[in-house]
Amino acid sequence: TLDKVLNANAPENLFKDRLEDMVNQMIVIGNVEDGYDYYKTKAGNFIQVKNAGIAGQMTFSGAWQQQHSMDIPVDTIYDMTLTGNGKAYMVDTIMPLGSTKSVYNVLSAEPEYSEFLEMVLGGDPDSVAQNLMSNTLGTKYTCPNKDNNYNLTLFDNYNYTVYVPTNNSIRELIDNGYLPTWEDFEKYYTISVESNDADSIAYAKIAKYIIKQRITDFVRYHVQDNSVAINGAPNMDVQGNYLLSNEFETMKLNPENKRYFSLKVSQSGPKAGSSAFINIEDVMGNKRSVVTTSSNLYNHFCRDMWLETSGNTRFIYTSSDAVVHQIDGALFFSADQKTSWRDAVEKAYQAQKK
């Protein structure tokens, strides 16, 4: 809290660090009276707007306020559009603040996200730095409350969308033998370190590699550059027009052209209300939608932060904002993802023996 910072006689640059962060969370590029519920700020987080343009009724709320059922009233609207400076909105009670929940916090709080969380949490004990979630970055940086928290290591100081397939769709891929689990990895890891048989060790090493790649590639293709929200203002073109259909890159690299696999994303226009939607099409032509039948399954606003040093003088090293949505099925970048991973291991093993 600010009181703790003040009492600690914090250095001046810490105040600058925090103030710059808060100011960036209050600047919106665009018009917050365009009819959407959510608008992205300069910092990359979303703020919610209600009764836009009506002084005395208009309110803002950042993710922190939304998590605490709090709306911030707008007392005065300063219209400076004639001078090209847009509008300024005076709030006296508190400023809109970003989320204090990480992606891990959100995923672990919803049972409907549990299968995806298992995919993200597991990892290889021999290459911890490559795991998808971590609570430390080297020896200098940690995530907030690191004893009960993790950051998604795919993020890099930007804003993102995490699409979470339903538990049933993930379990179906596992049951069909297409998608392995970290339990499968642990089985072969144990063989690779405890077996005395050279062939068994060689087979286990191949299995570990293929299992790890299938899981991490699956997760990577469900993490998208640029955050999008249900009834959130979409990105704009250079003329300031909203782009209701976009192609966004994911975190999964295409080894053939060294570019990232993409997703086609379409969003509803302003004043969508209950009909608001986000539809996604993967490179294989599969079409998915964000699940909006439950308010607990979409528009989860998150923030992963890496903090440096310790105590009350912890500077923000990097921060990444994200939105988590459940989607009604898994996304695919290759037909190979719907083939047996066990067959792939056997094929690779036989090829190595030749």
*Begin with the C-alpha distance, continue with both residues' side-chain angles, and end with the deciding distance and a verdict on side chain to side chain contact (heavy atoms under 4.5 Å, CB included) for Met251 and Tyr221.*
CA-CA 6 Å; Met251 306 303 289; Tyr221 195 56; over 6 Å; no
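- Between Val345 and Tyr203 the shortest side-chain heavy-atom distance falls below 4.5 Å.
- Tested against Ile72, the residues Ile47, Val91, Asp92 include a single side chain to side chain contact (heavy atoms under 4.5 Å, CB included) partner, Val91.
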*Is there a side chain to side chain donor-acceptor pair (under 3.5 Å) between Asp37 and Asn231 once you walk through the steps?*
CA-CA 6 Å; Asp37 289 340; Asn231 211 22; 2.8 Å; yes
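- Salt-bridge annotation for Glu247 and Lys264: absent, with no side-chain N of the basic residue lying under 4.0 Å from a carboxylate O of the acidic one.
- For the residue pair Leu132 and Leu154, the shortest heavy atom distance occurs at CD2-CD2, 3.9 Å.
- Looking only at distances, no side-chain donor or acceptor of Asn149 sits under 3.5 Å from a matching main-chain atom of Lys146.
- Crowding of Glu183 atom CD: a count of heavy atoms from other residues, nucleotides or ligands under 6.0 Å not exceeding 12.
- Within the structure, side chain to side chain donor-acceptor pair (under 3.5 Å) pairs that include any residue of residues 233-246 comprise Asp34-Tyr242, Asn226-Asn235, Asp237-Asn241 (at least two apart or interchain).
- By the 4.5 Å heavy-atom criterion applied to side chains, Trp306 and Cys143 are counted as neighbours.
- Transitive grouping of hydrophobic side chains (ILVMFWY, heavy atoms separated by less than 4.5 Å) brings Val223 and Leu121 into a common cluster.
- Checked against ring-ring contact (aromatic ring centres under 6.0 Å, His included), Tyr298 has no partners two or more places apart in sequence or in another chain.
- Asn159 and Ser227 form a side-chain donor-acceptor contact under 3.5 Å, judged by distance and modelled atom types alone.
- Within 6.0 Å of the CZ atom in Phe248, the count of heavy atoms belonging to other residues, nucleotides or ligands exceeds 12.
- Between Val290 and Ile327, some side-chain heavy-atom pair lies under the 4.5 Å cut-off.
- When the options Ser319, Ser102, Ser320 are evaluated for a side chain to side chain donor-acceptor pair (under 3.5 Å) with Arg303, the one that passes is Ser319.
- Below 30°, between 30° and 60°, or above 60°: for Tyr160 and Tyr158 the angle between ring planes is above 60°, a perpendicular geometry.
- Taking hydrophobic clusters as Ile, Leu, Val, Met, Phe, Trp and Tyr residues chained together by side-chain heavy-atom distances below 4.5 Å, Phe60 shares a cluster with Met22.
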*Carefully, step by step, assess Asn105 and Cys302 under the rule side chain to side chain contact (heavy atoms under 4.5 Å, CB included).*
CA-CA 8 Å; Asn105 294 151; Cys302 319; over 6 Å; no
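- Inspection of the Asp184 and Thr181 side chains reveals an N or O donor paired with an N or O acceptor under 3.5 Å.
- Between the side chain of Gln65 and the backbone N or O of Gly62 there is at least one donor-acceptor pair closer than 3.5 Å.
- Other residues, nucleotides and ligands contribute only 12 or fewer heavy atoms inside 6.0 Å of the NZ atom of Lys42.
- The 12-atom threshold is exceeded at CD of Glu33, counting heavy atoms of other residues, nucleotides or ligands nearer than 6.0 Å.
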*Walk me through it: do Tyr113 and His300 pass the test ring pair (Phe, Tyr, Trp, His ring centres under 6.0 Å)?*
CA-CA 12 Å; Tyr113 297 159; His300 285 291; 5.8 Å; yes
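- Counting only distance, with no hydrogens or angles, the side chain of Tyr141 and the backbone of Gly138 share no donor-acceptor pair below 3.5 Å.
- Taking a 6.0 Å sphere around CG of Asn176, one finds it holds more than 12 heavy atoms contributed by other residues, nucleotides or ligands.
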Which atom pairs, one a donor and one an acceptor, fall under 3.5 Å between side chains of residues 279-288 and the rest of the protein, sequence neighbours left out?
| from | atom 1 | to | atom 2 | distance (Å) |
| --- | --- | --- | --- | --- |
| Asn279 | OD1 | Ser289 | OG | 2.8 |
| Asp282 | OD1 | Met284 | N | 2.9 |
| Asp282 | OD1 | Gly285 | N | 3.0 |
| Asp282 | OD1 | Asn286 | N | 2.9 |
| Asp282 | OD1 | Asn286 | ND2 | 3.4 |
| Asp282 | OD2 | Asn286 | ND2 | 3.0 |
| Asp282 | OD2 | Phe332 | N | 2.9 |
| Arg288 | NE | Ala330 | O | 2.7 |
| Arg288 | NH2 | Ala330 | O | 3.0 |

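- A heavy-atom distance below 4.5 Å is not found between the side chains of Tyr178 and Ser340.
- No more than 12 heavy-atom neighbours from other residues, nucleotides or ligands sit within 6.0 angstrom of CE on Met95.
- Looking at Gln25, its side chain does come within 3.5 Å of a backbone N or O of Gly98 through a donor-acceptor pair.
- No option in Lys50, Gln48, Gln67 other than Gln48 meets the side chain to side chain donor-acceptor pair (under 3.5 Å) test with Ser61.
- For NZ of Lys208, the number of neighbouring non-hydrogen atoms (other residues, nucleotides, ligands) closer than 6.0 Å is greater than 12.
- By the rule that hydrophobic residues join a cluster once side-chain heavy atoms approach within less than 4.5 Å of another member, Ile211 and Ile174 end up as members of one cluster.
- Annotation: side chain of Asn135 is not in contact with side chain of Thr142 (no heavy-atom distance under 4.5 Å).
- For residues 124-139, every residue pair satisfying the salt bridge (charged side-chain N to carboxylate O under 4.0 Å, His left out) rule, not counting sequence neighbours, is listed here: Asp124-Lys212.
- A donor-acceptor pair under 3.5 Å links the side-chain atoms of Asp304 to the main chain of Leu152, judged by distance alone.
- Between Lys40 and Val28, the closest side-chain pair of non-hydrogen atoms is not below 4.5 Å.
- With Phe333 as the aromatic partner, Lys252 meets the cation-pi criteria of under 6.0 angstrom to the ring centre and within 45 degrees of the ring axis.
- By the 4.5 Å side-chain criterion applied to Ile, Leu, Val, Met, Phe, Trp and Tyr, Phe46 is assigned to a cluster that also includes Tyr38, Phe301, Val323.
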_Arg171 and Asn167: CA distance, side-chain angles, deciding distance, side chain to side chain contact (heavy atoms under 4.5 Å, CB included) verdict_ = CA-CA 6 Å; Arg171 181 47 56 181; Asn167 285 339; 5.9 Å; no
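- In this structure a side-chain-to-backbone donor-acceptor pair under 3.5 Å is missing from Thr59 to Pro73.
- Looking at His222 and Pro165, their side chains come closer than 4.5 Å, going by heavy atoms from C-beta outward.
- The side-chain heavy atoms of Tyr104 and Met133, taken from C-beta on, include a pair separated by under 4.5 Å.
- Under the 4.5 Å side-chain heavy-atom criterion for grouping Ile, Leu, Val, Met, Phe, Trp and Tyr, Tyr209 is connected to Tyr189 within one hydrophobic cluster.
- Checking side-chain atoms of Asn299 against main-chain N and O of Ile230 turns up a donor-acceptor pair under 3.5 Å.
- Counting side-chain heavy-atom gaps under 4.5 Å among Ile, Leu, Val, Met, Phe, Trp and Tyr, Val238 is found in no cluster with other residues.
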